[in-house]
Structures are given as structure tokens and as C-alpha cells.
Amino acid sequence: MKIQYLAVVFVIIMLPISLIFSAYTGAQVDTLKLQISYDIKLDNATYDAIKAFQLNTINSSTSDLTNSKIRDIEAAANSFFTSIGTAFNMSGYNSEVLKEYVPALVFTMYDGFYIYSPFENTLDDETAQNLSQNPNAEYTAGEKVTGLKPYIFYSCRYVKSGIDVVITYSLDNYITIQGTANGKAINDAGYLIDDVSTSGSNVYYRGVRIEPEAQLYEYVEDQEEDKQYPYIKINGAKYYWDQEYDSGNGSWFYFMNGERMYGQDNFQLGNNDMAYRYYREAAEFKDRILNEYGLGSLTSADARDENGQPIANLTDADGNVVYNFVGGNYNIFDFNNGGVSIEEPTSDFNQHRLAVIRYVIERNLSIALANYNNYGSGSYEFSMPKLAEEDWERILNNVSLISFLQGLSIGGKVYNGYSVINNNKNEEVVTEDSIYITTNDGYFHRATERDLIGRSDIKMGVFNIDFERKGVTNNTQGQTHYYYPKRELGCYTCYVSQTSVQAIDNIYEYMDSNSQLAKIYYTALGRERYSMYKTFRNQEEHKSLFM
């Protein structure tokens with residue numbers, strides 16, 4: 001056969017193959033582009049939702065209360081669907097249609113989380129009968145409803161000889177213990193802190209003496225000019241002292257729905273001892289755990305699931321074990337284990353705390369996504385994707401929103417994506433990164449800024465959200481006034497460019513080498529954590545401590 005004939009045969013055979021491969025490659029490229037586009041839209045919608053939650057909580061004086069928190073989360077969920085509906089509008093999907101492809105939104109909070117997803121509305125017989133006779137009833141029995149499911153705590157049960165307790169964890173080192181141990185009923189809560197020593201009325205933490213602070217002040221809105229007021233923060237609420245009120249007799253007030261509420265309890269003016277109480281009460285809590293309750297022997301192997309069985313190991317996306325509940329046999333209350341304090345990130349307690357939080361989220365979220373198949377109208381089987389380890393690290397260390405979008409066709413395959421966005425400035429939790437340091441030159445700095453070491457003009461530590469703008473609406477005039485509680489400006493090299501910030505893994509070890517900075521930092525950390533809202537507390541009883 002002549003070479004010309006061979007060339008013709010080659011072309012006849014290879015041309016269709018080349019065209020098919022070219023079309024296939026083009027389709028794969030288009031699918032990849034569409035997937036990236038959907039990832040970006042999902043990230044943007046998730047960011048809009050968490051930003052809405054952040055703004056609502058910062059500007060709400062009741063954001064720590066359950067009803068207010070639910071309101072803010074539902075508003076954030078609405079923001080998510082509005083944003084993603086707008087982003088996908090050109091693709092033919094509106095927000096209502098997209099709800100069929102969003103099996104869950106997960107809002108992780110301080111000591112638990114909410115899942116926003118569809119569920120079947122169940123009503124008792126009497127309520128269902130009453131609603132059936134009401135033509136304007138909002139719900140009916142058996143109706144599919146999209147909303148927040150009941151709050152799920154980061155809780156785990158532990159069973160051991162003579163011990164049966166449930167421990168609820170949080171995003172920091174605060175825990176709640178309920179159950180029985182060695183014949184004693186337990187219903188207690190507190191912060192787990194090591195290296196606290198007391199001598200009479202003196203309290204020392206990691207060798208630094210913790211003392212009451214001077215009276216705290218911050219700016220508050222005024223229609224003419226913002227004024228500085230003395231304040232005290234108790235159980236998440238700030239109370240301000242107005243000396244000019246009632247013809248100079250003075251009164252405490254707080255904000256409710258943008259309006260000043262006067263005539264509150266008469267708290268004491270003067271020194272602020274929140275940090276002092278934080279460390280002293282932590283030392284007392286440690287003593288009760290080890291000596292009164294006898295819980296020092298609890299390990300990860302004593303953890304039980306809802307069926308009373310040992311908890312299975314946690315694995316990553318590749319099937320590798322990331323935490324071994326049984327085989328690891330980690331001591332939970334590992335105070336100063338091998339020189340590592342219990343509040344440090346590498347302690348056995350912290351590793352176990354993170355594993356429990358992850359287990360509870362994974363377990364309940366998997367159930368929610370599986371149940372979604374009962375409500376979906378399509379043929380797609382919704383399932384729990386394996387989240388990347390870096391995403392879990394973000395989820396477990398701050399308030400966050402996890403969003404899922406599944407079942408949309410993107411050409412060669414079906415889209416299955418998720419997004420994780422943190423809320424680093426919120427009223428929910430005070431992390432080690434939440435404390436900024438102010439200096440006398442009118443700036444605030446991150447605690448790990450190199451230039452702070454050795455400075456003599458360090459002023460105080462401040463909770464980061466106190467530098468955020470707040471708005472108050474005058475109900476009589478309908479005008480919104482904006483103000484900044486703290487007036488210091490962010491240091492450019494540590495707050496904007498962050499070129500002067502040292503990258504560290506353990507801020508406690510970092511502070512050990514600078515006692516002057518450590519005193520300011522630990523005082524602020526203790527003050528802000530102690531003054532946060534806690535569901536376990538009796539609010540009125542706690543407030544009475546400061547009168």
C-alpha cells in the first residue's frame with residue numbers, strides 16, 4: 001500500500017478521535033470553570049451571611065440571649081439565600097429554587113451549634129386540631145418547614161467506675177459538668193486553668209500577679225457629642241454610669257433596641273476585678289474537679305456515644321486517624337501534664353475538646369444531610385462531604401458558618417461543594433487572638449507585635465470588637481447615630497500589613513518571656529472571658545456580686 005493511502009487511512013481514523021478528545025477536554029474545562037464559579041458564589045454568599053450575623057450581634061445589646069441569637073441567625077440565613085439567589089439568578093436559579101439544593105447551613109456558636117435545614121413539623125394532637133380550625137394558621141402538622149433545629153451542645157458523656165457525667169465543652173477552656181461521681185451529684189461549671197496560685201488575697205498566673213484594674217471607660221453615642229462613661233460588663237451586658245442623670249444624682253443605664261434604659265441596679269463604681277475573679281475562681285474550680293469530685297482519672301477512652309458505646313476514631317478525608325478516642329487514652333483533666341498547662345493548645349484536654357466538638361458536629365450534620373433526602377424533590381442523594389483538615393481547624397477555633405450546596409448540574413458531573421467562613425469579631429467567644437493592646441500614642445496593636453516588647457507606654461488590653469463602629473437609633477426621631485467605644489487607631493504594620501506580627505503557635509509560651517506585656521494581656525483576657533454571657537449562670541445571683 002502506498003504511503004499516500006496510509007496517510008489517508010490515518011487521517012480518517014485519527015480525525016474523529018481527535019475531535020472527540022478535543023470536545024471531551026473542552027467539556028472538562030467548562031465543567032471546571034463552572035465548578036470554580038459556583039465555589040466563588042457559595043463563598044461570597046456564606047461571607048455575606050456571616051457578615052450580617054457579625055453586624056447584628058455587634059450592634060445588639062441582647063445578642064447573647066437565646067431569642068435574640070435565634071433572630072440574628074435567621075437574619076443571617078435569609079442574607080445567605082438572598083445573596084446566593086442573586087448570584088445564580090443569571091443561571092436560572094432563584095433563592096426559593098436554590099433551597100432545594102442547600103441541605104444545611106451550620107452556625108457554630110460558643111458551646112454548641114444550630115443547623116438550618118428542612119424538617120417535618122410535628123405537632124401534638126391538641127395543637128394540630130386547634131391549628132386545623134384556624135384558617136390563618138402559619139403551620140400544619142406534617143408540613144415541611146425550613147428553619148433552625150434545636151440547639152445542639154458540644155457535649156459528651158463519660159462512664160467509668162463510680163462516674164457518670166456529661167461534660168459540655170466550648171470554644172475556649174470553659175466547661176460545664178453534670179452528673180454523678182463517687183456518690184456525689186455534680187452541677188458545676190468554670191474555666192480550666194493551670195499555673196494559678198493564691199497567697200491570701202493575692203492571685204498569680206504563670207508567675208504574673210493579677211490585680212484589680214482601675215475603673216473602665218468607653219465612649220457612648222450622644223446626639224451632640226459622644227461622651228465617655230464609666231462602665232461595667234456583667235454576663236455579656238454593659239452597664240454605664242451617667243452622673244448627670246436625675247439632676248446629678250446619677251443612674252446606671254444600658255441599651256435596649258437602641259434606647260437607653262435607666263434605673264438599673266446600683267453597681268459599685270471603682271476598681272474592676274473581673275480578671276482577678278476569673279483566675280481565682282478557676283483555681284477553686286480545679287480544686288473541686290480533682291479533690292471534691294475525683295474526676296482526675298477520666299480519659300478519652302471513657303467517652304460514650306448516644307448508645308453507650310465507646311466513640312469511634314475520627315478520620316480525615318483520606319481515612320487517616322486524626323484522633324483516637326479509645327486507643328489514645330488521653331487524660332482529659334491533664335493539669336500541667338509534662339510541663340504543658342491545660343489551657344495551652346497542645347494539652348491533652350484541648351486536643352480532646354476539639355475532637356469532641358468535631359465528633360458532635362460531624363455526627364449530627366451527617367444525620368441532617370441524610371434526612372434531607374426525605375424532603376428533597378430530586379433524584380440526587382445528598383451526603384456528608386469530607387471536610388478538609390484546614391477547614392476543621394477554622395471551625396473548631398471560632399464562631400463560623402458552614403454552608404453546603406449540592407445537586408446542581410455542572411456539565412460533566414453534579415456539583416457538591418461547601419464553604420467555611422469564620423467570624424473573628426463577635427460577642428460569642430474571646431479567643432487568645434481577640435485581645436488587642438493599646439498604647440499611649442493612640443494606637444492599638446496585636447498582642448504578638450514585635451514592637452510591643454520592651455515598650456514603656458503600654459496602656460491596657462481591649463476586646464477587639466470594642467474598636468468596631470456601633471450604631472444606636474433614636475426611636476423618637478428615627479435617626480441612627482454611630483460611634484466608636486474605643487478611639488485608638490489600628491497600628492498599620494500589625495493590623496493592616498501585619499508585617500510586624502510574629503507567627504507563633506503558643507501565645508502562653510510567648511508571654512512567658514515578657515512579664516510586663518503578659519500582665520496586661522492576661523488581665524484583659526481574664527476580664528473579657530469572665531464578663532461574657534454564660535447560660536449556666538444565675539444572672540441575678542451573678543449580678544449581685546458587683547453591687
Is the closest side-chain heavy-atom distance between Asn423 and Leu401 below 4.5 Å? no

Under the 3.5 angstrom rule, does the side chain of Tyr191 hit a backbone N or O of Arg529 as a donor-acceptor pair? yes

Do Ile115 and Leu148 have side chains that get closer than 4.5 Å, going by heavy atoms? no

Least distance between heavy atoms, Phe467 atom then Thr438 atom: CZ-CG2, 3.8 Å

For a 4.5 angstrom cut-off between non-hydrogen side-chain atoms, does Leu408 reach Val414? no

Which heavy atom of Asn173 sits nearest to which heavy atom of Leu192, and what is that distance? ND2-O, 2.6 Å

Are Tyr110 and Lys534 packed together at the side-chain level, in the sense that at least one heavy-atom pair is separated by less than 4.5 angstrom? yes

Is Lys41 positioned over the aromatic face of Phe88, cation under 6.0 angstrom from the ring centre and no more than 45 degrees off axis? yes

Taking C-beta and beyond as the side chain, do Asn397 and Thr431 meet within less than 4.5 Å on heavy atoms? no

Does Glu390, at its CD atom, have more than 12 non-hydrogen atoms belonging to other residues, nucleotides or ligands within less than 6.0 Å? yes

Just by modelled atom types, is the Val360 backbone N or O under 3.5 Å from a matching donor or acceptor in the Asn364 side chain? yes

Can you tell me if Tyr262 has over 12 outside heavy atoms packed within less than 6.0 Å of its OH? yes

Do Asn422 and Ile50 touch side chain to side chain, with heavy atoms closer than 4.5 Å? no

Please confirm whether the backbone N or O of Ala75 pairs with a side-chain atom of Ser79, one donor and one acceptor, at under 3.5 Å? no

Ignoring hydrogens and angles, tell me if any N or O in the side chain of Glu362 forms a donor-acceptor pair with the backbone of Leu314 under 3.5 Å. no

Close aromatic pair by centroid cut-off 6.0 Å: Phe546 and Phe267: no

Are Arg353 and Tyr169 in a cation-pi setup, meaning NZ or CZ lies under 6.0 angstrom from the ring centre and within 45 degrees of the ring axis? no

Any donor-acceptor pair under 3.5 Å from Asn398 side chain to Arg394 backbone: no

Starting from the C-alpha separation in whole Å, work towards a yes-or-no answer on side chain to side chain contact (heavy atoms under 4.5 Å, CB included) for Arg260 and Phe255. CA-CA 5 Å; Arg260 293 191 186 192; Phe255 286 102; 3.6 Å; yes

What I want to find out is whether Arg363 reaches Glu306 closely enough, with some N-O distance under 4.0 Å, to be called a salt bridge. yes

Applying side-chain hydrogen bond (donor to acceptor under 3.5 Å, both in side chains), run through Tyr484 and Asp466 and close with a yes or a no. CA-CA 7 Å; Tyr484 290 88; Asp466 290 339; over 6 Å; no

Yes or no on salt bridge (charged side-chain N to carboxylate O under 4.0 Å, His left out) for Lys51 and Asp48, after CA distance, side-chain angles and deciding distance? CA-CA 5 Å; Lys51 189 64 177 179; Asp48 290 342; over 6 Å; no

Taking atom CG of Asn187 as the centre, does the number of heavy atoms from other residues, nucleotides or ligands within less than 6.0 Å exceed 12? yes

I need the minimum non-hydrogen distance between Pro485 and Glu468, along with the two atoms involved. CD-O, 3.4 Å

Using a strict threshold of under 4.0 Å (side-chain N to carboxylate O), is an ion pair present between Glu393 and Arg358? no

dist Glu428:CD -> Thr108:OG1 (nearest 0.5 Å) comes out at 9.0 Å

Could you tell me whether a side-chain N or O of Asn426 sits under 3.5 Å from a main-chain N or O of Val429, the two making a donor and an acceptor? yes

With heavy-atom distances below 4.5 Å as the criterion, would you say the side chains of Ile175 and Tyr154 are in contact? no

Show the numbers, then the answer: is there a side chain to side chain contact (heavy atoms under 4.5 Å, CB included) between Trp252 and Asn266? CA-CA 7 Å; Trp252 291 89; Asn266 192 22; 3.4 Å; yes

Check: Phe113 ring centroid to Tyr151 ring centroid under 6.0 Å: no

If every non-hydrogen atom of Tyr508 is compared with every non-hydrogen atom of Pro345, which pair is closest and at what distance? CD1-CD, 4.5 Å

Quick one: does Ser403's side chain get under 4.5 Å of Tyr418's, heavy atoms only? no

When you check the gap from the basic side-chain N to the acidic O, do Asp72 and Lys69 get nearer than 4.0 Å? no

Determine whether a donor-acceptor pair (N or O, by modelled atom type, separation under 3.5 Å) exists between the side chain of Gln268 and the backbone of Met547. yes

Determine yes or no for a side-chain-to-main-chain donor-acceptor pair under 3.5 angstrom, with Tyr521 supplying the side chain and Glu432 the backbone. yes

Between Phe80 and Tyr116, is the ring centroid distance below 6.0 Å? no

Is the cationic atom of Lys238 (NZ for Lys, CZ for Arg) positioned less than 6.0 Å from the six-membered ring centroid of Tyr231 and within 45 degrees of its normal? yes

Tell me if the aromatic rings of Tyr530 and Tyr278 count as close, with their centers under 6.0 Å from one another. no

Would you please test Phe253 and Tyr240 for ring-ring contact (aromatic ring centres under 6.0 Å, His included) and show each step? CA-CA 5 Å; Phe253 71 90; Tyr240 302 89; 5.4 Å; yes

Has the side chain of Asn350 got a donor or acceptor atom that lies under 3.5 Å from a matching backbone atom of Glu343? yes

Taking CD in Glu244 as the centre, count heavy atoms belonging to other residues, nucleotides or ligands within less than 6.0 Å. Is the count above 12? no

